[in-house]
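Before any comments, here is the structure.
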Protein chains: 2
Amino acid sequence: MPLTLEDIARKCGVSRSTVSRVINGEANVSPDTRRRVMDMIQQINFQPNLAARGLAAGKTRVLGVVIPMGVTAIFTDPFFPLLIQGVSITCNSCDYSVMLWLDDPEYERRTVRQILYNGLVDGVIVASNLMDDPIVVALGEGKLPYVMIGRSPVNNQVNFVDVDNFGGARKAVKHLIGLGRRRIAHISGPAKMIAGMDRYQGYLSGLYEAGIFPDPTLVVEGDFTDLGGYLAVQRLLPNHPDAIFTASDAMANGALRALIEAGVRVPQDISLVGFDDIPFASRTIPPLTTVRQPIQRIGSLAAESLIQIIGHPENQPLHVILPTELIVRGSSGE
Amino acid sequence: MPLTLEDIARKCGVSRSTVSRVINGEANVSPDTRRRVMDMIQQINFQPNLAARGLAAGKTRVLGVVIPMGVTAIFTDPFFPLLIQGVSITCNSCDYSVMLWLDDPEYERRTVRQILYNGLVDGVIVASNLMDDPIVVALGEGKLPYVMIGRSPVNNQVNFVDVDNFGGARKAVKHLIGLGRRRIAHISGPAKMIAGMDRYQGYLSGLYEAGIFPDPTLVVEGDFTDLGGYLAVQRLLPNHPDAIFTASDAMANGALRALIEAGVRVPQDISLVGFDDIPFASRTIPPLTTVRQPIQRIGSLAAESLIQIIGHPENQPLHVILPTELIVRGSSGE
DNA sequence: CTGAAAGCGCTTACAG
DNA sequence: CTGAAAGCGCTTACAG
């Protein structure tokens with residue numbers, strides 16, 4: 001049996017209240033007592049029972065992370081892994097734990113309630129960036145602190161951490177225009193995903209600024225997957241683009257494969273630019289020009305923000321938008 | 001404030017013991033009472049506090065998953081994501097939750113204790129398959145149920161779920177031999193990882209069976225990463241292999257790139273076979289022959305096994321080895 | 001079949 | 001600065 005506060009108290013000849021105070025770093029303990037208790041804790045390798053603490057204190061120091069499994073490409077894309085890694089690193093250093101829910105649509109109703117009211121987490125990070133996710137609605141009705149990964153287009157009261165998808169896409173397009181490209185195609189994300197639509201808007205904005213009127217036949221809706229990019233290129237080629245900007249690197253990779261198979265030279269005939277800068281982007285042939293987003297940092301910031309909000313709810317709503325960076329490699333040209 | 005058992009009890013005119021029994025599906029409740037309570041729970045959307053339950057029952061219905069962050073390529077490879085997905089699916093359907101620890105070596109000592117004794121999890125799945133992981137030692141000394149992903153070479157008392165790495169590698173080599181290859185090189189996993197060494201043994205066994213004495217200059221230690229495969233090929237080429245079997249698809253992909261750059265034709269000049277069958281394997285040019293391991297299923301089985309063991313500790317040690325399958329594509333030949 | 005009561009291991013006013 | 005006591009929301013013998 002693991003030891004309890006009571007055991008430590010007895011061994012030190014103090015009350016369990018005092019031990020609790022020492023463990024929680026409260027001020028009003030005499031230096032001498034504090035040291036004695038600390039030493040004992042160290043020696044015994046004491047670990048307080050977190051379930052009990054959670055129950056008594058009303059705070060568990062556990063953060064939930066909710067990731068929708070419905071999303072395409074969920075785990076072939078390193079987005080979620082990196083995001084989780086970022087969350088985890090912050091939680092480790094802040095003495096929080098993380099609880100993970102991969103949200104099967106089938107279990108969705110159950111999940112929402114289970115997360116909101118089960119008393120296991122102090123707050124939750126939600127990585128579903130669908131336009132109209134029911135979980136977001138449910139969270140809005142509850143009182144559990146939460147932060148979204150990705151902004152909400154419908155409700156500006158929700159906390160979120162996002163990247164500048166719009167600006168990143170615009171930069172990509174301006175880069176292509178600077179290379180002399182004019183018939184710039186776009187393979188977008190799914191229409192229901194906010195990040196995809198923000199990138200699409202950035203694409204349009206880049207064109208407008210250069211005085212180019214967007215050609216609708218040069219835009220194809222993709223799904224963020226490799227295969228989606230591959231198929232989109234086949235629909236795009238007859239319309240003679242001289243550049244393609246894809247809303248993800250996975251799609252860029254599929255696009256690249258389709259271009260190679262069609263005998264199109266990249267970047268001579270068609271320039272290609274992706275979005276994400278996943279590790280693989282630097283290893284395609286030619287290496288991929290892309291818009292880097294700091295995924296791990298998004299996760300870390302989301303965790304930091306959530307911990308912040310749990311402690312100071314008055315700071316809501318909290319909106320963080322991280323900058324993106326254009327990484328120029330061989331696929332776009334010289 | 002979320003409602004409590006007590007609230008439900010009051011509304012139904014029964015004791016909180018009875019409500020508890022209904023919620024936990026115990027037999028000794030009259031059908032009528034049961035229905036009344038059930039209806040109320042439904043209507044109120046009641047969710048019991050899991051921290052309280054955990055404390056009272058000594059069981060939290062939470063499984064921990066520990067993944068070492070030290071491992072190379074941790075999150076560019078879809079292994080861990082798929083594993084977690086498998087665990088998560090089983091947990092969802094068994095009404096368990098999952099707690100995730102990405103184990104930064106720096107925090108390792110803390111983590112072990114924290115996981116073992118914090119009273120938050122009923123058991124833990126450990127995906128560290130290093131030869132001598134300290135966490136495994138610590139778990140061996142504690143009494144928390146756990147199952148390893150990957151067998152332990154030192155202690156046959158530990159529970160594990162693994163794939164037949166040895167047999168899979170042997171199949172790959174025999175396939176190459178059947179194709180007429182004789183100078184079959186191997187790019188292995190890191191020497192400290194069990195799965196890597198098991199595949200290496202399988203490679204040797206495949207050669208021996210065909211009466212081929214292994215040429216040590218045809219074996220290079222890799223690290224499971226794309227870059228590792230790329231670099232290994234450069235060391236291998238001077239020794240004139242006619243086939244390369246890599247211990248992972250990521251390495252096969254790096255190897256393929258190095259071969260292309262060196263002007264080597266795959267599979268005409270050199271046959272290439274990987275291991276894993278990650279989604280990307282079917283999309284290389286040429287598509288990759290590889291040994292498929294059912295990663296998601298490993299995760300599911302690990303969770304099932306752990307839940308089993310928590311309920312029936314007498315069934316230990318539990319050893320599960322899943323079969324692998326050779327997937328023949330273009331990179332090995334006709 | 002049901003309820004009153006003790007207890008899980010903590011935290012937190014309250015009193016001193 | 002410290003301790004006794006109540007309480008967090010459940011489960012679980014025990015008695016009836």
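Since we're looking at a predicted model, the values are computed, not measured. Chain identifiers are assigned alphabetically (A, B, ...) following the order of the sequence lines, protein sequences preceding nucleic acid strands; residue numbering begins at 1 within each chain. As a basis for the values below, the full set of heavy atoms in this structure was taken, side chains included, without hydrogen atoms, waters or symmetry mates.
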Would you mind telling me which of [options] lies closest to the side-chain atoms of [X]?
X      : options                   : answer
A57(B) : dT12(D), dC10(C), dC10(D) : dT12(D)
R16(B) : dC10(C), dT11(D), dG3(D)  : dT11(D)
R53(B) : dC1(C), dC10(D), dT11(C)  : dC10(D)
V14(A) : dG3(D), dT2(C), dC8(D)    : dG3(D)
L55(A) : dG9(C), dC10(D), dT12(C)  : dG9(C)
P31(B) : dT12(D), dA4(D), dC1(C)   : dC1(C)

Side-chain N or O of [X] versus OP1/OP2 of [N]: is the shortest distance under 4.0 Å?
X      : N       : value
T18(A) : dC1(D)  : no
S17(A) : dA4(D)  : no
S15(A) : dG3(D)  : yes
T4(A)  : dC8(C)  : no
S20(A) : dT11(C) : yes
N24(B) : dT11(D) : yes

Would you kindly give the [atom1]-to-[atom2] distance between [X] and [N], to the nearest whole Å?
X       : N       : atom1 : atom2 : result
R21(A)  : dT2(D)  : CZ    : C1'   : 6 Å
L120(A) : dC10(D) : CG    : C1'   : 13 Å
N28(A)  : dC14(C) : CG    : C1'   : 13 Å
R10(A)  : dG3(D)  : CZ    : C1'   : 15 Å
K59(B)  : dG9(C)  : NZ    : P     : 13 Å

Does any N or O in the side chain of [X] come within less than 3.5 Å of the main-chain N or O of [Y], such that one atom is a donor and the other an acceptor?
X       : Y       : value
D39(A)  : R36(A)  : no
T60(A)  : L120(A) : yes
D7(A)   : L3(A)   : no
N118(B) : N49(A)  : no

Quiz item: Which residue, A52(B) or A27(B), contacts DNA chain C at a nucleotide closer to its 5' end, judged by nearest heavy atom?
Solution: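 By nearest-heavy-atom nucleotide position, the 5'-most residue is A27(B).
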Exercise. Over all heavy atoms of both residues, which pair between L63(B) and C91(B) is shortest? Give the atoms and the distance, please.
Key: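 It is CD2-SG, 3.6 Å.
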Self-check item: Complementary nucleotide of dC1(C), counting Watson-Crick and G-U pairs under 3.5 Å
Solution: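 Partner of dC1(C): dG16(D).
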Quiz item: Base, sugar-phosphate, or nothing: which does N49(B) touch, judged by heavy atoms less than 4.0 Å apart?
Solution: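 Sugar-phosphate only.
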